[in-house]
Amino acid sequence: MTPLQQRINTIEESISQACERVGRDRDEVTVIAVTKQVSEVRTQNVLDQGIIHLGENRPEGLLAKQHAIPQGAVWHFIGNVQSRKVKEIIERIDYLHSLDRLSIAKEIQKRAVEPIDCFVQVNVSGEDSKSGLSPTQTQSFIESLSGYDKIRVIGLMTMAPLTEDQDEIRKVFRDLRELRDGLAAKHMQHAPLTKLSMGMSNDYSIAIEEGATHVRIGTALVGSESEGDE
């Protein structure tokens, strides 16, 4: 068994255990392999293991990976994108995880041919270092997107603080889920809000227990180039 297969097996076991603890089906959770810091070869190896959802956070990285891997992947753009860069990526991705400004929405509306599945990014923790809307801004922002027929708001996204305090991490994820639930109850046609993108390598189990449908796992899954293994 390769180191990559071992990592995938470990993650699968952790996900299954987290789902079992809270009575969820494993099929409710999509694993996104964050390949932003690894090579095209290592990314292809991940894809060959059946992890088809791949996450990139820079237009340059996305385009390079897609040139090397022309088919078989579902592409998630998980980083902040500048308005002027939207035209480079919007027809090349399946999901955008970082919608938090009308300037981005306007560019998507202008450039996209088909509707794009988007997560609205919320800065639940309120940290200055994190992008995203405040929870109190989120409803009005989503409502303002009702006239943008190239945007489908499928859910919310957040990042927890880098801390050892699991209660603090859990509260951030729980707050996002409760915010999503409240907004979903409004039955906005353009915003089904059935998904939650939250949880990374160090906290994905907690995120799953709190309702994550998409977890973004980097090093714990793909490893690092310095390891010299695939």
Side-chain angles (χ1 to χ4, degrees), residues 15-16 18-32 53 55 74 76-78 80-81 90 93-109 112 114-127 130-161 166-200 203-217:
I15 291 173
S16 294
C19 288
E20 187 174 346
R21 284 194 293 270
V22 294
R24 298 183 66 191
D25 291 333
R26 167 63 185 88
D27 292 345
E28 296 176 20
V29 181
T30 297
V31 174
I32 301 166
H53 292 266
V74 177
H76 298 250
F77 196 84
I78 60 174
N80 294 324
V81 59
I90 204 61
I93 61 174
D94 300 286
Y95 296 87
L96 176 69
H97 288 245
S98 53
L99 179 59
D100 64 356
R101 303 189 304 282
L102 273 178
S103 59
I104 302 297
K106 290 175 181 177
E107 282 297 308
I108 294 173
Q109 183 68 22
E114 298 293 333
I116 301 295
D117 286 338
C118 297
F119 292 86
V120 167
Q121 183 169 354
V122 185
N123 184 359
V124 176
S125 66
E127 296 170 272
K130 287 184 168 54
S131 299
L133 298 158
S134 71
T136 56
Q137 294 172 320
T138 304
Q139 178 175 335
S140 61
F141 177 73
I142 292 175
E143 289 174 344
S144 73
L145 300 175
S146 62
Y148 293 73
D149 64 354
K150 296 300 191 289
I151 293 174
R152 183 168 47 242
V153 182
I154 62 168
L156 304 180
M157 181 274 246
T158 200
M159 291 181 285
Q166 293 195 359
D167 289 339
E168 184 178 352
I169 293 170
R170 188 176 299 279
K171 185 179 186 308
V172 166
F173 293 151
R174 182 176 296 147
D175 286 351
L176 189 75
R177 185 190 74 229
E178 291 175 352
L179 177 64
R180 188 280 310 267
D181 289 350
L183 294 173
K186 298 184 181 301
H187 302 293
M188 291 178 274
Q189 186 173 357
H190 68 292
L193 290 161
T194 58
K195 311 296 184 185
L196 288 172
S197 172
M198 57 190 195
M200 299 189 292
D203 55 21
Y204 66 87
S205 290
I206 300 173
I208 290 167
E209 290 173 1
E210 294 301 330
T213 62
H214 292 69
V215 292
R216 312 176 304 272
I217 307 179

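Everything quoted here is computed from the prediction, not taken from an experiment. Residues: numbered from 1 along the sequence shown.
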Residue Glu28 excluded, over 12 heavy atoms near CD under 6.0 Å: yes

Side chain proximity check, Tyr204 to Val29, heavy atoms < 4.5 angstrom: no

Heavy-atom check, side chain of Ile108 versus side chain of Leu96, under 4.5 Å: yes

Backbone of Ile208 reached by a side-chain donor or acceptor of Arg24 within 3.5 Å: yes

For the student: nearest non-hydrogen atoms of Arg152 and Pro192, plus distance: CG-CD, 4.1 Å

Non-neighbouring partners of Phe119 that pass ring-ring contact (aromatic ring centres under 6.0 Å, His included), sequence neighbours left out: His97, His214

Side chain His190, main chain Ile142, donor-acceptor under 3.5 Å: yes

From Ile116 atom CD1 to Gln109 atom CD, the distance as rounded to the nearest 0.5 Å: 11.0 Å

CD1 on Ile104 to CG on Leu99, rounded to 0.5 Å: 7.5 Å

Full working for side chain to side chain contact (heavy atoms under 4.5 Å, CB included) between Leu193 and Val153: CA-CA 6 Å; Leu193 290 161; Val153 182; 3.9 Å; yes

Donor-acceptor pair, side chain of Asp203 and main chain of Met200, under 3.5 angstrom: yes

Contact summary for Asn80 and Ser131, nearest pair of heavy atoms: ND2-OG, 2.8 Å

CD on Glu168 to CD1 on Ile206, rounded to 0.5 Å: 11.0 Å

Contacts of Gln166 that satisfy side-chain hydrogen bond (donor to acceptor under 3.5 Å, both in side chains) - sequence neighbours left out: none

Side chain to side chain contact (heavy atoms under 4.5 Å, CB included) evaluation trace for Ile32 with Tyr95: CA-CA 11 Å; Ile32 301 166; Tyr95 296 87; over 6 Å; no

Flag side-chain contact, heavy atom, 4.5 Å: Thr30 against Val74: no

4.5 Å side-chain heavy-atom contact, Lys106 and Tyr148: yes

Heavy-atom check, side chain of Arg26 versus side chain of Ile15, under 4.5 Å: yes

Short N-O contact, Asp175 and Lys171, less than 4.0 angstrom: yes

Side chains of His76 and Ser197 in contact at under 4.5 Å (non-hydrogen atoms): no

Close side-chain approach of Leu102 and Phe141, heavy atoms under 4.5 Å: yes

Distance, nearest 0.5 Å, that separates CD of Gln121 from CE of Met157: 3.5 Å

Donor-acceptor under 3.5 Å (Arg180 side chain, Leu156 main chain): no

Nearest-0.5 Å distance, CE of residue Met188 to CG of residue Leu183: 5.0 Å

From OG (Ser205) to CD (Glu210), nearest 0.5 Å: 12.0 Å

Side chains of Arg177 and Leu196 in contact at under 4.5 Å (non-hydrogen atoms): yes

Results of side chain to side chain contact (heavy atoms under 4.5 Å, CB included) for Lys130 - residues two or more places apart only: Asn123, Ser125, Glu127, Met159

N/O donor-acceptor pair under 3.5 Å between Ser98 side chain and Ile78 backbone: no

Shortest non-hydrogen contact from Ala207 toward Gly199: CB-CA, 3.5 Å

Short side-chain to backbone donor-acceptor contact, Thr158 and Met198, under 3.5 Å: no

